[in-house]
Amino acid sequence: MSSASDPLAALAGLPGVADSVDSVRKAVDRVYGHRVMRRRSGEITSEAALRGARGSAALSGADWALEEVRRRTDFGAEPEALTVGAALRLTAEAGQLLSIWRQSPLRVLARLHLVAVGSTAEGDVVGRPRLAGEPVDEPLVEAPLPGADEVAGRLDGLSRIIIAGGAAPALVTAAVVHGELLALRPFASYNGLVARAAERIVLINSGLDPKAICPAEVGHAEQGTEAYLAAFEGYLSGTPEGLAAWIGHCGRAIELGVRESTAVCEALQRGAA
């Protein structure tokens, strides 16, 4: 990440990023303008949270049908059930942390990991960045794992950028937060889920999606794991082309999330949901 005073704003000038930002803004405006949103926005928010959690869990290897996620109440010791339960808890918790994010993003990330792990917590590795030599359970991402010192330094840099604010569009900030956390994998487990929950927080807190009705997690899952990882490789490359591709991928994910919520609005309007 650049050491310039506002490195995220600089990313907004990469080729194609402005088009992605504009496309996302128009898509979000359309769903917020839907007539159902005037009367039943709470229902759309609840459904978007459920579908977002399902999508995030799917990317972490627990690709359950939506109705199974909706129906289940037991998310016990079986690995996929634990992942789905973690995703649901994170989606619910994200909305409670908005006021803290801009003042203490590292505190929020620690809380997200604690919530993800839940009652399965063991030892003292929960809710803090990993130390040198501590393993990471993140089967989706096979990229080289940064050392603990690098993790600490980059987390501090990311925190400073978030606290400082700046002129970067919400899409750019959300994509960088997501990509950086996925690259660092700062926790012993559930880093992908935490990264996508942090992306959700940025989109809500920025004012782009204040009612949390545009679940990017849905779009990430819909584009598929292969496309997700290919775009993430672009982020890891650090090249202008790679970064622009990752930001574009995240923008498309938001648009697909918008499409999902628009379909929910249409179903409610028809009285079918």
Side-chain angles (χ1 to χ4, degrees), residues 1-25 28 56 59 94 97-98 101-109 112 129 138 141 143 146 150-187 191-209 214-217 219-220 223 227-255 257:
M1 293 170 59
S2 168
S3 61
S5 59
D6 194 353
L8 302 190
L11 294 180
L14 293 175
V17 170
D19 290 339
S20 292
V21 169
D22 185 56
S23 183
V24 166
R25 178 77 265 176
V28 172
S56 190
L59 282 173
L97 299 172
L98 301 177
W101 176 252
R102 286 296 295 269
Q103 286 73 44
S104 184
L106 297 186
R107 180 180 162 197
V108 169
L109 293 175
L112 289 174
E138 194 63 48
V141 178
E150 181 180 352
V151 168
R154 287 170 64 176
L155 281 177
D156 182 66
L158 183 65
S159 176
R160 289 174 182 274
I161 289 170
I162 292 166
I163 292 170
L171 167 60
V172 173
T173 303
V176 169
V177 167
H178 182 169
E180 192 71 354
L181 292 175
L182 206 59
L184 295 177
R185 283 148 287 160
F187 301 109
N191 289 286
L193 294 180
V194 168
R196 291 184 288 276
E199 179 184 49
R200 166 180 282 267
I201 288 172
V202 173
L203 294 173
I204 299 169
N205 210 31
S206 67
L208 177 66
D209 182 23
C214 306
E217 305 97 322
H220 286 304
Q223 292 179 90
Y228 182 72
L229 292 176
F232 176 58
E233 285 295 327
Y235 181 84
L236 288 176
S237 75
T239 65
E241 297 80 9
L243 291 169
W246 171 248
I247 295 168
H249 183 88
C250 292
R252 179 60 178 157
I254 297 169
E255 292 183 62

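One-based numbering along the sequence shown.
Looking at Arg196, its side chain never comes within 3.5 Å of a backbone N or O of Glu217 through a donor-acceptor pair. Looking only at distances, a side-chain donor or acceptor of Arg102 sits under 3.5 Å from a matching main-chain atom of Ile162. A donor-acceptor pair under 3.5 Å links the side-chain atoms of Asp209 to the main chain of Cys214, judged by distance alone.
One finds the CD atom of Glu255 at 12.0 Å from the SG atom of Cys250 (value rounded to the nearest 0.5 Å). If you take CG on Asn205 and CH2 on Trp101, they are separated by 9.0 Å, rounding to the nearest 0.5 Å. Note that CZ of Arg252 is 13.0 Å distant from CG of Leu171, once rounded to the nearest 0.5 Å. The distance from the CG atom of Leu193 to the CZ atom of Phe187 is 12.5 Å, given to the nearest 0.5 Å. With rounding to the nearest 0.5 angstrom, the CG atom of Leu98 is 10.0 Å from the OG atom of Ser206.
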Fill in: side chain to side chain contact (heavy atoms under 4.5 Å, CB included) between Ile163 and Gln103, intermediate numbers included
CA-CA 6 Å; Ile163 292 170; Gln103 286 73 44; over 6 Å; no
Fill in: Verdict with supporting geometry, Leu208 and Arg25, side chain to side chain contact (heavy atoms under 4.5 Å, CB included)
CA-CA 8 Å; Leu208 177 66; Arg25 178 77 265 176; 3.4 Å; yes
Worksheet item: Yes or no on side chain to side chain contact (heavy atoms under 4.5 Å, CB included) for Gln223 and Tyr228, after CA distance, side-chain angles and deciding distance?
Response: CA-CA 7 Å; Gln223 292 179 90; Tyr228 182 72; over 6 Å; no
Item to complete: List the steps, then state whether ring pair (Phe, Tyr, Trp, His ring centres under 6.0 Å) holds for His178 with Phe232.
Response: CA-CA 10 Å; His178 182 169; Phe232 176 58; 8.1 Å; no
Discussion item. Side chain to side chain contact (heavy atoms under 4.5 Å, CB included) for Trp246 and Leu11? Distances and angles first, verdict last.
Written reply: CA-CA 11 Å; Trp246 171 248; Leu11 294 180; over 6 Å; no
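Residues Pro146 and Arg185 are in side-chain contact: their nearest non-hydrogen atoms beyond the backbone lie under 4.5 Å apart. Under the 4.5 Å side-chain criterion, counting only non-hydrogen atoms from C-beta, Asn191 is not in contact with Leu181. You'll find the side chain of Leu112 reaches within 4.5 Å of the side chain of Leu97, heavy atoms only. With a 4.5 Å cut-off on side-chain heavy atoms, Leu109 and Leu155 count as touching. Taking the side chain as every heavy atom from C-beta outward, Leu182 and Tyr235 never approach each other to under 4.5 Å.
Closest of all the heavy-atom pairs between Ile161 and Pro7 is CD1-CG, 3.6 Å. Between Leu203 and Ala216, the shortest heavy-atom distance links the atoms CD1-CB, 4.2 Å. Nearest heavy-atom pair across Ser159 and Pro105 is OG-CG, 3.3 Å. Between Pro215 and Arg200 the shortest heavy-atom distance is CB-NH2, 3.9 Å. Across every non-hydrogen atom of Pro186 and Val151, the tightest pair is CB-CG1, 3.7 Å.
Residues forming a side-chain contact (heavy atoms from CB on, under 4.5 Å) with Thr173 (at least two apart in sequence, or on another chain): Leu8, Ala168, Val177, Val202. Applying the side-chain contact (heavy atoms from CB on, under 4.5 Å) test to Ser237 and every residue at least two apart in sequence or in another chain returns Thr239.
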